[in-house]
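Taking it in order: structure first as structure tokens, then the write-up.
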Amino acid sequence: MKLKNENIELHDLMNQIGIKSKKSQIEIANSSHIKRNKVLRKFSELIEINKDKLIKANQIDIAQSKQRGVKDSYLDRLELNEKRILSMSKQIKNISFFDDPLNKTLSSWLRPNGLKISRISVPLGVLGIIYESRPNVTADAAALAIKSGNSVILRCGSDSYNSCNFLVNLVRDALSENEFSKDAVQLVPTNDRDAVGYMLRMSDLIDVIIPRGGRSLVEKVQKEARVPVFSHLEGICHIYVDKSADFDKSLSVVLNGKMRRTGICGATETLLVDESIAKKFLPQVTDVLEKSGCKLLGDSKSRSIVPSIGLASDKDWVTEYLAPILSIKVVRGVHDAIEHIRQYGTQHTDAIMTEDEKIAEKFTTLVDSAIVMVNTSTQFADGAEFGLGAEIGISTGRLHARGPVGVDQLTSFKYVVYGSGQTRP
């Protein structure tokens, strides 16, 4: 249905994209696993062959972003260097070695009347993915969609369009070479922001929307979508250092959690420290972080121990810095830490450093985040690191998928019932 005063040309464009995607999804859903894997391996091969051209396309995006004066953390998420491209190619190839996620018997049972009922995995359908700045999402989303028998409509940010368009052309070539419709993967070919609004209303053509971006994008999607949504909220990730924690382990994990890559959603944004060890631990951890170039902001208790750090405001507890900045708070044990996470966290990824198994169990039980970690870096919040090959995002919602959204999370199921002539009395 057309809305009053809407852009008719854009309406027709989005409608045609949706129709093509729906048609191609039926084809790929009913294809052989071997054939889908051939597409992935060809896509992986094409990325490696064309890595220099991909870097050139990416450099155009980076140059344009620099002209707009974007933050360094933003540029980091946008950049595709040789190492990242080869890693991307490797992940796609790895996905091809996974078991077929489709037509699996998830469970089956026999009823007293002789009916045999099975629950069988099937694709979700047409995926709509809306994302900002990360061109690697293009490759991950395309590969995971193909593997799981879904088609995908990609809507990248204008900042990464050249990189994403190049990658989409490669995967479409891989599809065509293996006798699939290229339209199983489509990139919305316009920077018109209204295209997002159209995608959110295409409930007859898109089966699920997956947003990857900042709070404003996710909130817009949640507010306006008439299509089911896998939400990926901000990653305000915490590390709580318990009184029983090993200091050497904790120093290494906190430094990695914050500084390995500050611009990813799994980066640690807040450090919570038990008050009983704060006087010993805080001077050590702040020294390590400051030497690595991290700006520190703390509450009054932490500043009374390390006066050189800045003063944190209430706003800092709800800020995803995506930069070398860390907020620090001294807490009264594990329950106070959990309460802080409940109040200020985004249910993305939260970790505890402890040598006490009972405290670890309490933390993992009471912290209701998509990913809860013990004695390891929050930077492991990643589908590839979980052994999923790749992921489209970290779902912080509760319905259908939670945590890394990989191949299996992009399937649903249907019931298949076999009888022998039974009728219901």
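The model shown is predicted, which means the values in this text are computed figures rather than measured ones. One-based numbering along the sequence shown. Atoms considered below: every heavy atom in the structure, side chains included; atoms not considered: hydrogens, waters and symmetry mates.
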| Partner of Ser377 under side-chain hydrogen bond (donor to acceptor under 3.5 Å, both in side chains), chosen from Thr268, Asn256, Thr349 | Asn256

| task | Would you mind telling me which of Arg41, Lys42, Lys182 makes a salt bridge (charged side-chain N to carboxylate O under 4.0 Å, His left out) with Glu177? | result | Lys42

| field | Heavy-atom donor-acceptor pair, Ser395 side chain to Val405 backbone, under 3.5 Å | value | no

| message | Within 45 degrees of the ring normal and closer than 6.0 Å to the centroid, is that where the cationic atom of Lys35 sits relative to Phe180? | response | yes

| field | Audit row: Met14, Met199, side-chain contact (heavy atoms from CB on, under 4.5 Å) steps and yes/no | value | CA-CA 7 Å; Met14 297 304 297; Met199 288 182 70; 3.4 Å; yes

| request: Could you give me the CA-CA distance, side-chain angles and deciding distance for Thr354 and Asp356, then say whether side-chain hydrogen bond (donor to acceptor under 3.5 Å, both in side chains) is met? | output: CA-CA 5 Å; Thr354 183; Asp356 187 323; 5.6 Å; no

| said: Quick test of your reading of the model: are Arg402 and Asp368 salt-bridged, counting only N-O distances below 4.0 Å? | reply: yes

| query | Is the count of non-hydrogen atoms from other residues, nucleotides or ligands lying under 6.0 Å from Glu361 atom CD greater than 12? | reply | no

| field | Atom CZ of Arg111: over 12 foreign heavy atoms under 6.0 Å | value | no

| Is Leu106 atom CG crowded by more than 12 heavy atoms from other residues, nucleotides or ligands, each under 6.0 Å away? | yes

| query | Is the number of heavy atoms from other residues, nucleotides or ligands within 6.0 Å of CD (Glu179) greater than 12? | reply | no

Could you pull out every donor-acceptor pair under 3.5 Å between side chains of residues 335-342 and any protein atom, sequence neighbours left out?
unit_1, atom_1, unit_2, atom_2, d
Asp336, OD2, Arg332, N, 2.9
His340, ND1, Lys329, NZ, 3.3

| request: Tell me, yes or no, whether the heavy-atom count around Lys22 atom NZ, taken from other residues, nucleotides or ligands under 6.0 Å, exceeds 12. | output: yes

| message | If we check side-chain contact (heavy atoms from CB on, under 4.5 Å) with Pro189, which of these qualifies: Asn165, Val168, Ile17? | response | Ile17

| request: Could you tell me whether Glu48 and Lys51 have a side-chain N and a carboxylate O separated by less than 4.0 Å? | output: no

| Checking side-chain contact (heavy atoms from CB on, under 4.5 Å) for the pair Ile146/Val171: CA distance, chi angles, key distance, verdict? | CA-CA 10 Å; Ile146 291 165; Val171 71; 3.7 Å; yes

| N/O donor-acceptor pair under 3.5 Å between Asn58 side chain and Glu79 backbone | no

| query | Name the one of Thr319, Asp316, Thr270 that satisfies side-chain hydrogen bond (donor to acceptor under 3.5 Å, both in side chains) with Ser327? | reply | Thr270

| Does atom CZ of Arg193 have more than 12 heavy-atom neighbours, drawn from other residues, nucleotides or ligands, at distances under 6.0 Å? | no

| message | Between the side chains of Lys71 and Asp76, is the shortest nitrogen-to-carboxylate-oxygen separation below 4.0 Å, so that they form an ion pair? | response | no

| Is a salt bridge present between Arg36 and Asp100, judged by a nitrogen-to-oxygen distance below 4.0 Å? | yes

| query | Is it true that Asp382 and Arg261 make a salt bridge, defined as a side-chain N closer than 4.0 Å to a carboxylate O? | reply | no

| task | Would you mind listing every ring-ring contact (aromatic ring centres under 6.0 Å, His included) that reaches into residues 371-417, with sequence neighbours excluded? | result | Phe230-His400, Phe413-Tyr415

| said: Within the 4.5 Å heavy-atom criterion, are Lys104 and Thr411 side-chain neighbours or not? | reply: no

| message | Any side-chain to backbone donor/acceptor pair from Ser252 onto Lys249? Under 3.5 Å, distance only. | response | no

